[in-house]
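One structure is given here, and the rest of the page talks about it.
Every chain is numbered from 1, with letters handed out A, B, ... down the list of sequences.
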Number of protein chains: 2
Amino acid sequence: MVSIISVAKAAGVSNKTVSRVINGEPYVTEETRERVEKAIRDLGYIPNMAARLIRSSRSNTFGIITDYVSTTPYSVDIVRGIQDWANANGKTILMANTGGSSKREAEIWKMFQSHRIDGVLYVTMYRRTVDPQAGDVRIPTVMINCRPQTHELLPSIEPDDYQGAQDLTRYLLGRGHRKIGYIRLNPILLGAQLRLDAFRKTAAEFGLAESDLSIRLGMEGPVGAEKNYVFAVATEMLQQKDRPTAIMSGNDEMTIQIYIAAMALGLRIPEDVSIVGFDDFRTVSLALKPELTTAALPYYDLGLEGAELLNSVVTGNKVPSSRVMPCKLVERTSVRSV
Amino acid sequence: MVSIISVAKAAGVSNKTVSRVINGEPYVTEETRERVEKAIRDLGYIPNMAARLIRSSRSNTFGIITDYVSTTPYSVDIVRGIQDWANANGKTILMANTGGSSKREAEIWKMFQSHRIDGVLYVTMYRRTVDPQAGDVRIPTVMINCRPQTHELLPSIEPDDYQGAQDLTRYLLGRGHRKIGYIRLNPILLGAQLRLDAFRKTAAEFGLAESDLSIRLGMEGPVGAEKNYVFAVATEMLQQKDRPTAIMSGNDEMTIQIYIAAMALGLRIPEDVSIVGFDDFRTVSLALKPELTTAALPYYDLGLEGAELLNSVVTGNKVPSSRVMPCKLVERTSVRSV
DNA sequence: TTGTATGCGTTATCAG
DNA sequence: CTGATAACGCATACAA
């Protein structure tokens, strides 16, 4: 393996001078610099991070801990945001997922520690409260899409589910809908409660009575093994004599079943019933016809900003606190004015 | 930072003895071992991988290079398979994605090299041929879901699209369907051609004429910016006087549009028309009602086996060659016998 | 069964 | 501006 010393020999300088060139330090003649750079190119020298770390105790590496990657294709964008930030800032990403096991999680923290990573991004695939199982390990951490359940005060960055649902509700109201159905997400998800609250409060502020709202549970049970009532519930809701003119769905995925339920009853979208989703999971929202009006969860930005936040924690630049990022309403064609 | 030497001092032994305990080497008294282990616990000592690597030049780390993670939620399972293997075998995973830029890819290879990783898993989100842009970097590599375009002969592991489509076609044929529609995937995807070939040949072997087959293009154009004709094509196909009794879809995602097209025409599934997908992208295949019969792409196993394969390349145990993994037919309720 | 000495590829110190 | 040398945390060879 070609090391800094071989380069030094080839360039006829000392190892320290090579080190200076590599790290862009001052006090090197332009001529020396060029000679060293040539030697580096010729020999195909690539610095050894491990050796660097052992001296400088800064690994320039962030770790990502996720819970379930596979079962939720939605939030992979968080990871992409992190990776883009890392790429733009010369950081390396170590990645591991717990699969929900806290034993495995403890091992991951140790593994991260053994690599002397600079910071951890703790990412959950659904927004929820969690308790990182770091054991004795102490590494600067930023939580993305989740927040600590108890004592420990870790900075976090989350989507603004409330504002997203509020925007969606106002949108429906603004288009004249006065009878609105709501099919709820799994209540164990933090976003579920916030979205429902926003829906209820916004409708009430607008003067709708609770009886104008038809609120039903679409899913429940543990993540990954939930019971799914969406199709049945949507069918019932749409068979009511005084059926809603619009249905708001807990998320885009559930909307597939609402579409199918409506169509099976011979109802057209949006002529007979308007539908809005949540998440902007494009695999679904663009595949549905008419395409789905929904609120986009800012997953990519969560990752990007989370990494940036972690970096400022690590370098001690700012005192970081918890943040919330807005959801953006994406207007397509699944809603009509009444 | 607590090092092996602090542990040695605390336990009243030499650094080498501590090293023996850590690495589970023989020739340590049970009593000494216990004393060392206690010191390790007390001090919260965690080995420094960087220091270990610098001596042993085996990083126990694999790198994953992906192209597009975000736009394709489908194949995240590959990554999960890799991570599970890594976890079970004490390896660490370094991850980076190119976003399609070969400049960035070259940087990633260098970054991997600078971390002295043992091997690279080159993963694409769609099955296709690619040319790794490794530059001068030489690291053992296994390709997952793709194969090298040119000269270089890298071991690869891919799903058996042909067999999957063959099984699906036989399934339809076995259920009495004799007029079958096929809506094609984007032709730039390797799987698209294979699936179509399998469909055509299997139907021909069974005695169907080309005129019994209604084959239409569902999508085309560059990945991430493709044109989507599925809804229109499905609608046309189902309006034909002599319409197919079953439609085979390029993938599950496209099936959403086929369902909606059928239902908008007042057709019931599967009574009036049977539908099969491909991929078993469960977000879709389980959300559709009736639930979708489809062929499951073995993504998780691709990751698991790919990592295993890479490991045998790295350790030089086997001479690895290219492999193909079967797709599994998942029977649900979207097909009826005619 | 245990310990000592040396070296891995860097960066840091300090002297030139 | 440049270089000699120490030091980082660990593993390896060899000695005891």
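- The OH atom of B:Tyr27 sits 16 Å away from the C1' atom of D:dA16 (whole-angstrom rounding).
- Comparing the helix axis at one end of the helix from C:dT1-D:dA16 to C:dG16-D:dC1 with that at the other, each defined from 5 consecutive pairs, gives an inter-axis angle of 40° (nearest 10°).
- Residues passing the side-chain hydrogen bond (donor to acceptor under 3.5 Å, both in side chains) test with A:Thr98: none are found, sequence neighbours excluded.
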Between the protein and nucleotides 6-10 of chain D, which nitrogen or oxygen pairs come in under 3.5 angstrom?
{"unit_1": "D:dA7", "atom_1": "N3", "unit_2": "A:Arg55", "atom_2": "NE", "d": "3.4"}
{"unit_1": "D:dA7", "atom_1": "N3", "unit_2": "A:Arg55", "atom_2": "NH1", "d": "3.0"}
{"unit_1": "D:dC8", "atom_1": "O4'", "unit_2": "A:Arg55", "atom_2": "NH1", "d": "3.1"}
{"unit_1": "D:dC10", "atom_1": "OP1", "unit_2": "B:Tyr45", "atom_2": "OH", "d": "2.4"}
{"unit_1": "D:dC10", "atom_1": "OP1", "unit_2": "B:Asn48", "atom_2": "N", "d": "3.1"}
{"unit_1": "D:dC10", "atom_1": "OP2", "unit_2": "B:Ile4", "atom_2": "N", "d": "2.3"}

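- Legend: salt bridge (Lys or Arg N to Asp or Glu O under 4.0 Å) pairs involving residues 36-51 of chain B, not counting sequence neighbours, sorted by first then second residue: B:Lys38-B:Asp42.
- Residues in residues 116-125 of chain A take part in these side chain to side chain donor-acceptor pair (under 3.5 Å) pairs, two or more places apart or across chains: A:Ser59-A:Asp118, A:Glu105-A:Tyr122.
- We find that CG of B:Leu53 is positioned 15 Å from C1' of D:dT12, with the value rounded to whole Å.
- In the 5' to 3' direction, nucleotides of DNA chain C lying under 4.0 Å from heavy atoms of chain B begin and end at C:dT1 to C:dG9.
- Residues that satisfy the side-chain hydrogen bond (donor to acceptor under 3.5 Å, both in side chains) test with A:Tyr45, not counting sequence neighbours, are absent from this structure.
- For A:Glu305, the side-chain hydrogen bond (donor to acceptor under 3.5 Å, both in side chains) test picks out A:Arg323, with sequence neighbours left out.
- Remark: B:Glu31 engages B:Arg35 in a salt bridge (Lys or Arg N to Asp or Glu O under 4.0 Å) (not counting sequence neighbours).
- For A:Asn60, the side-chain hydrogen bond (donor to acceptor under 3.5 Å, both in side chains) partners are A:Lys91, not counting sequence neighbours.
- Side chains of B:Thr61 and B:Met49 form no contact here, defined as non-hydrogen atoms less than 4.5 Å apart.
- Legend: salt bridge (Lys or Arg N to Asp or Glu O under 4.0 Å) pairs involving residues 4-24 of chain B, not counting sequence neighbours, sorted by first then second residue: B:Lys16-B:Glu25.
- Every residue two or more places apart in sequence or in another chain that forms a salt bridge (Lys or Arg N to Asp or Glu O under 4.0 Å) with A:Asp84 is listed here: B:Arg104.
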